[in-house]
2 protein chains.
Amino acid sequence: MRQPVFSTSVTHSIVQDLGVGIVTGRFDDVPFPTESALCEHYGAARTVLREAVKMLIAKGLITTRPKQGIRVSPEHNWNLLDPDVLRWLLERKFSMRLLVEFTQIRLDVESGAAALAARFATEDDKAQIQAAIGRMYAAEKGDDDPLHSDIAFHVAVLQASGNRFYLQMRDMISAALHVSIMRTNKLKGVHRASARDHDRVAQLILAGESEAARKEMRDLIQGAFDLINELPKRE
Amino acid sequence: MRQPVFSTSVTHSIVQDLGVGIVTGRFDDVPFPTESALCEHYGAARTVLREAVKMLIAKGLITTRPKQGIRVSPEHNWNLLDPDVLRWLLERKFSMRLLVEFTQIRLDVESGAAALAARFATEDDKAQIQAAIGRMYAAEKGDDDPLHSDIAFHVAVLQASGNRFYLQMRDMISAALHVSIMRTNKLKGVHRASARDHDRVAQLILAGESEAARKEMRDLIQGAFDLINELPKRE
DNA sequence: CCGTCAAGAAATATATTACAAATAATCTAA
DNA sequence: TTAGATTATTTGTAATATATTTCTTGACGG
């Protein structure tokens with residue numbers, strides 16, 4: 001339902017492949033191929049290639065100029081907050097540094113969202129938050145998925161903030177959380193914040209305790225941050 | 001230097017026009033034109049239109065399906081943090097609500113960036129911050145531009161955080177700050193935080209006082225936030 | 001002899017046109 | 001209700017022409 005229209009659209013798969021290639025540095029040392037070279041490589045028509053290229057331009061990954069060809073943009077021009085770009089980076093070029101940076105911004109963003117949620121959450125928002133907490137408790141008893149219930153909670157809080165910019169980070173944070181938890185689990189064994197810890201945040205939001213909710217959410221994520229910092233720093 | 005390649009590229013101007021049209025709700029009540037209708041309207045070839053459409057898809061503004069045509073995505077799918085999308089919104093469909101929401105997230109993001117800057121700023125970062133403060137004092141004496149020196153300060157702090165996600169918000173925040181200051185000036189007369197207020201933040205960053213810098217930056221932006229909330233709420 | 005400028009050539013993206021194929025909503029008939 | 005046909009529309013292919021930037025070359029002046 002949320003799939004790309006043509007599930008195996010040629011354009012889409014070229015965008016994927018080039019996008020992943022760019023963020024993983026496949027073209028760092030070699031000049032980026034020209035349009036026609038890419039056509040040949042993918043066995044696709046010119047227009048299809050051009051459309052793929054345009055999508056990557058729209059995401060800030062490349063630029064094009066006559067006589068100069070296609071070039072990978074300097075990294076600071078990439079739309080890091082574009083869900084595709086971030087996902088490509090997290091899934092294909094995971095690095096401790098990226099995870100640390102992302103968790104740092106989560107400390108600010110999610111605690112801010114919690115504070116807003118405490119003030120502005122609608123009844124429906126509150127129900128969503130409580131439902132997620134319920135799932136987390138269920139997960140501790142093996143009756144639900146721990147990963148998805150955790151993500152559901154964080155998304156519900158962003159949603160409850162009523163601020164579109166926080167809401168925008170929903171996809172990013174759920175993608176990142178997914179990768180983050182998988183990694184930390186793999187490296188350290190299952191060890192993450194309990195449903196009880198999350199519940200404390202939820203209760204403060206439901207009670208409208210804005211500043212307390214901010215602090216509690218910050219502490220919660222700080223816990224994840226500390227866990228990450230204990231991981232081996234290789235690369 | 002940061003201009004689009006062909007300064008008057010047909011594709012680029014179509015993307016602009018459609019992008020602005022979408023965010024300003026030009027297609028809310030009428031069905032979105034088909035590819036061929038757009039061709040005719042812009043007097044452009046089919047392929048050009050398709051490339052423009054692909055760029056808008058990449059920014060989350062539209063979706064396409066056979067038999068259904070091009071459709072404007074629900075607003076929560078827009079890549080609000082894409083610099084183009086945000087700029088279109090701010091410049092062409094300014095609303096108090098958007099400015100309030102954006103300033104809310106700035107409270108969290110910029111105070112977080114200030115805290116990180118206090119811990120991790122390089123010598124060069126610090127020099128940039130001090131230079132911006134110098135420009136702000138100069139602006140108060142009429143020797144520099146008040147708007148640009150203000151923006152330079154906030155950008156320098158984001159840069160100094162050393163975190164790519166904060167850095168990513170540079171374009172967004174400078175665009176938004178630009179619009180925000182213009183608006184508040186127009187509606188309330190010149191009245192904004194002094195160079196002295198900014199300098200206090202800068203000194204705390206330079207001194208490595210992480211938590212104090214966070215608080216001072218938050219207070220600074222809270223001042224702007226209070227100012228915005230005093231503005232007439234029309235629309 | 002060196003540097004600057006102008007004109008032309010070359011490389012490459014950009015734009016046009018025409019047509020074929022695939023997909024998914026809608027309609028029709030059993 | 002379901003299965004199939006219809007049809008509107010995007011997606012993909014191909015060949016060609018245009019526009020823009022960069023590089024090269026040469027001329028001129030210092």
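Proteins get letters first, then strands, A, B, ... in listed order; numbering begins at 1 in each.
When distances are taken from the side chain of B:V48 to each of C:dA15, D:dG12, C:dA25, the shortest belongs to C:dA15. Checking C:dT12, D:dG12, C:dT16 against the side-chain heavy atoms of A:T34 singles out C:dT12 as nearest.
Partners of A:N163 by side chain to side chain donor-acceptor pair (under 3.5 Å), not counting sequence neighbours, listed by chain and number: B:Q104. Residues that satisfy the side-chain contact (heavy atoms from CB on, under 4.5 Å) test with A:E75, not counting sequence neighbours, are A:W78, B:R164. A search for side chain to side chain donor-acceptor pair (under 3.5 Å) contacts involving B:R46 returns B:E35, not counting sequence neighbours. Applying the side-chain contact (heavy atoms from CB on, under 4.5 Å) rule to A:A121 yields the partners A:D125, A:K126, A:A160; only residues at least two apart in sequence or on another chain are considered. Residues that satisfy the side chain to side chain donor-acceptor pair (under 3.5 Å) test with B:R87, not counting sequence neighbours, are B:D84. Here A:H148 pairs with A:D145 under the side chain to side chain donor-acceptor pair (under 3.5 Å) rule; sequence neighbours left out. Not counting sequence neighbours, the partners of B:P33 by the side-chain contact (heavy atoms from CB on, under 4.5 Å) test are B:F27, B:A37, B:L38. For A:Q130, the side-chain contact (heavy atoms from CB on, under 4.5 Å) partners are A:L206, not counting sequence neighbours.
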Polar-atom pairs under 3.5 Å, protein N or O versus N or O of nucleotides 5-11 of chain C: list them with distances, or write none.
unit_1, atom_1, unit_2, atom_2, d
C:dA11, O4', A:K67, NZ, 3.2

Please list, for nucleotides 2-4 of chain D, all pairs of protein and nucleotide N/O atoms separated by less than 3.5 Å.
none

Atom pairs, N/O to N/O, protein against nucleotides 19-21 of chain C, distance under 3.5 Å?
none

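Between A:T47 and the phosphate of D:dA14, there is no side-chain N or O to OP1/OP2 separation shorter than 4.0 Å. Of the side-chain N and O atoms in B:K54, none sit less than 4.0 angstrom from OP1 or OP2 of D:dT10.
An angle of 20°, rounded to 10°, separates the two end axes of the helix from C:dC1-D:dG30 to C:dA30-D:dT1, each defined over five pairs.
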